[in-house]
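Some notes on the structure that comes next.
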Number of protein chains: 2
Amino acid sequence: MPHDHSELLHRVKTELPTDELLSDLSDLFKLFADSTRVKILYALFESEMCVCAIAELLGMTQSAISHQLRILKDANLVANRRAGKTVYYFLSDDHVRTIIAQGFEHLIEE
Amino acid sequence: MPHDHSELLHRVKTELPTDELLSDLSDLFKLFADSTRVKILYALFESEMCVCAIAELLGMTQSAISHQLRILKDANLVANRRAGKTVYYFLSDDHVRTIIAQGFEHLIEE
DNA sequence: CATTCATATGAATTACTGTTCATATGATAA
DNA sequence: TTATCATATGAACAGTAATTCATATGAATG
């Protein structure tokens with residue numbers, strides 16, 4: 001007979017956030033789980049930038065950058081403004097800096 | 001002729017961490033980018049747990065949990081101890097709490 | 001030593017995701 | 001309006017990653 005954990009399970013279960021919240025949380029971290037997106041966000045820490053400047057900075061195609069910017073925008077991590085033909089992207093939320101900085105700290109404290 | 005960003009690019013480029021570091025950073029966030037792993041870590045916030053207890057808590061197979069625990073262990077986010085047949089896993093680093101808590105805060109401040 | 005429980009692991013499968021390519025949209029200038 | 005630049009987007013492709021299944025390892029117990 002397998003061993004019993006019902007007491008522990010009950011206690012831990014009551015402390016665990018809902019599945020939906022935990023799923024939202026992993027979805028949030030997914031945004032930072034790609035080096036292209038992290039690079040884009042890091043670049044935007046310095047200054048707003050247009051799509052082609054980001055593409056040039058990262059040495060990637062305009063299309064690839066555009067796709068990633070869409071993901072970041074859908075998640076409300078970045079926003080944009082249009083100036084003629086050019087579209088400038090910028091951080092829409094300063095919380096992003098904190099999250100990335102926290103990850104960074106973990107890395108250097110190894 | 002496409003427009004010029006050389007000044008901006010130069011400035012941003014000097015501020016950007018190396019590709020390797022940015023890649024390590026996204027690799028770190030990848031660990032939190034799966035809801036199963038986030039659930040496991042959250043559970044371990046409360047108490048160390050054996051593999052089968054985690055599997056039962058999350059309603060998943062022992063094998064699936066074992067595979068994920070290996071990923072977390074390889075990344076030094078969890079460690080384990082053996083007690084007879086049972087292997088208990090626990091957080092090896094309290095930094096994990098901070099990173100997850102930061103993500104959580106972002107979610108609720110929406 | 002054979003059996004059982006707990007865990008680990010390799011291979012296969014399936015689902016997802018990032019990039020590319022081709023093309024569309026949108027804006028400006030000639 | 002036509003041409004050009006900047007960006008967006010859909011489809012296809014390729015690589016990745018999570019789960020399952022079968023099985024192996026490792027420890028305790030009879």
Side-chain angles (χ1 to χ4, degrees), chain A residues 1-5 8-9 19 22-23 26-41 43-44 48-75 77-90, chain B residues 1-5 8-9 19 22-23 26-41 43-44 48-75 77-90:
Chain A
M1 141 196 57
H3 76 271
D4 178 61
H5 337 270
L8 174 62
L9 286 188
D19 266 34
L22 289 168
S23 185
S26 62
D27 284 346
L28 174 64
F29 285 120
K30 274 193 188 76
L31 297 166
F32 304 98
D34 174 80
S35 67
T36 300
R37 286 193 292 271
V38 171
K39 286 177 194 172
I40 292 174
L41 293 171
L44 299 184
E48 68 169 15
M49 292 180 81
C50 67
V51 180
C52 63
I54 299 173
E56 197 178 334
L57 176 69
L58 304 193
M60 296 179 64
T61 64
Q62 172 267 319
S63 177
I65 300 302
S66 233
H67 279 296
Q68 295 302 341
L69 283 170
R70 180 156 162 52
I71 292 171
L72 294 172
K73 195 187 169 207
D74 286 349
L77 296 191
V78 305
N80 60 19
R81 67 180 179 88
R82 190 172 258 277
K85 290 180 276 192
T86 308
V87 178
Y88 291 95
Y89 281 82
F90 50 90
Chain B
M1 145 195 54
H3 77 270
D4 177 62
H5 338 274
L8 174 61
L9 286 188
D19 266 34
L22 290 167
S23 185
S26 62
D27 284 346
L28 174 66
F29 286 120
K30 273 192 188 76
L31 296 166
F32 304 97
D34 175 80
S35 68
T36 300
R37 286 194 292 272
V38 170
K39 284 176 194 171
I40 292 174
L41 293 171
L44 298 184
E48 69 170 14
M49 292 179 82
C50 67
V51 180
C52 64
I54 300 174
E56 197 178 333
L57 176 69
L58 305 192
M60 296 179 63
T61 65
Q62 173 268 319
S63 178
I65 300 302
S66 234
H67 279 296
Q68 295 303 339
L69 283 170
R70 180 156 161 54
I71 291 171
L72 294 172
K73 196 188 167 205
D74 286 350
L77 296 191
V78 305
N80 60 19
R81 70 181 178 87
R82 177 157 225 142
K85 291 181 276 194
T86 309
V87 178
Y88 291 94
Y89 281 81
F90 50 90

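Convention: sequence-line order gives letters A, B, ...; per-chain numbering from 1. Just so it is clear, the model here is predicted, and its values are computed rather than measured.
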[X]: what forms a side chain to side chain contact (heavy atoms under 4.5 Å, CB included) with it, not counting sequence neighbours?
| X | result |
| --- | --- |
| B/Thr86 | A/His3, B/Cys50, B/Tyr88 |
| B/Val87 | B/Asn80, B/Arg82, B/Tyr89 |
| B/Glu56 | A/His5, A/Leu9 |
| B/Phe90 | B/Glu48, B/Ala79, B/Arg81 |

(message) For nucleotides 21-30 of chain D, give me one character per nucleotide, 5' to 3': B if any protein heavy atom sits under 4.0 Å from the base, S if the only such contacts are to the sugar-phosphate, - if neither.
(response) BB---BBS--
(message) Under the rule for ring-ring contact (aromatic ring centres under 6.0 Å, His included), what residues qualify as partners of A/His67, not counting sequence neighbours?
(response) none
(request) Select base, sugar-phosphate, or nothing to describe what B/Ser66 touches, counting heavy atoms under 4.0 Å on all strands. (result) base
(request) Assign B/Tyr88 to base, sugar-phosphate, or nothing according to its heavy-atom contacts below 4.0 angstrom with the strands shown. (result) nothing
(message) Tell me the closest heavy-atom pair linking A/Ser35 and B/Leu22, and the distance in Å.
(response) CB-O, 4.3 Å
(request) Taking all heavy atoms of B/Val38 and all of A/Ser26, pick out the closest pair and write down the distance. (result) CG2-CB, 4.1 Å
(request) Can you tell me the distance, in whole Å, between the CZ atom of B/Phe32 and the C1' atom of D/dA17? (result) 17 Å
(message) Please report the distance, rounded to the nearest Å, between CG in B/Asp74 and P in D/dA18.
(response) 13 Å
Collect all protein-nucleotide pairs involving nucleotides 16-18 of chain C in which both atoms are nitrogen or oxygen and the distance is under 3.5 Å.
unit_1	atom_1	unit_2	atom_2	d
C/dG18	OP1	A/Arg37	NH1	3.1
C/dG18	OP1	A/Arg37	NH2	2.8
C/dG18	OP2	A/Arg37	NH1	3.4

(message) So if I take residues 50-57 of chain A and measure heavy-atom distances to DNA chain C, which residues fall below 4.0 Å?
(response) none
(message) Does anything in residues 61-71 of chain B form a salt bridge (charged side-chain N to carboxylate O under 4.0 Å, His left out)? List the pairs, not counting sequence neighbours.
(response) B/Arg70-B/Asp74
(message) For A/Val78, is there any backbone N or O sitting under 3.5 Å from a side-chain donor or acceptor partner on A/Lys73?
(response) no
(message) I need the A/Gln68 CD to A/Lys39 NZ distance, nearest 0.5 Å.
(response) 11.5 Å
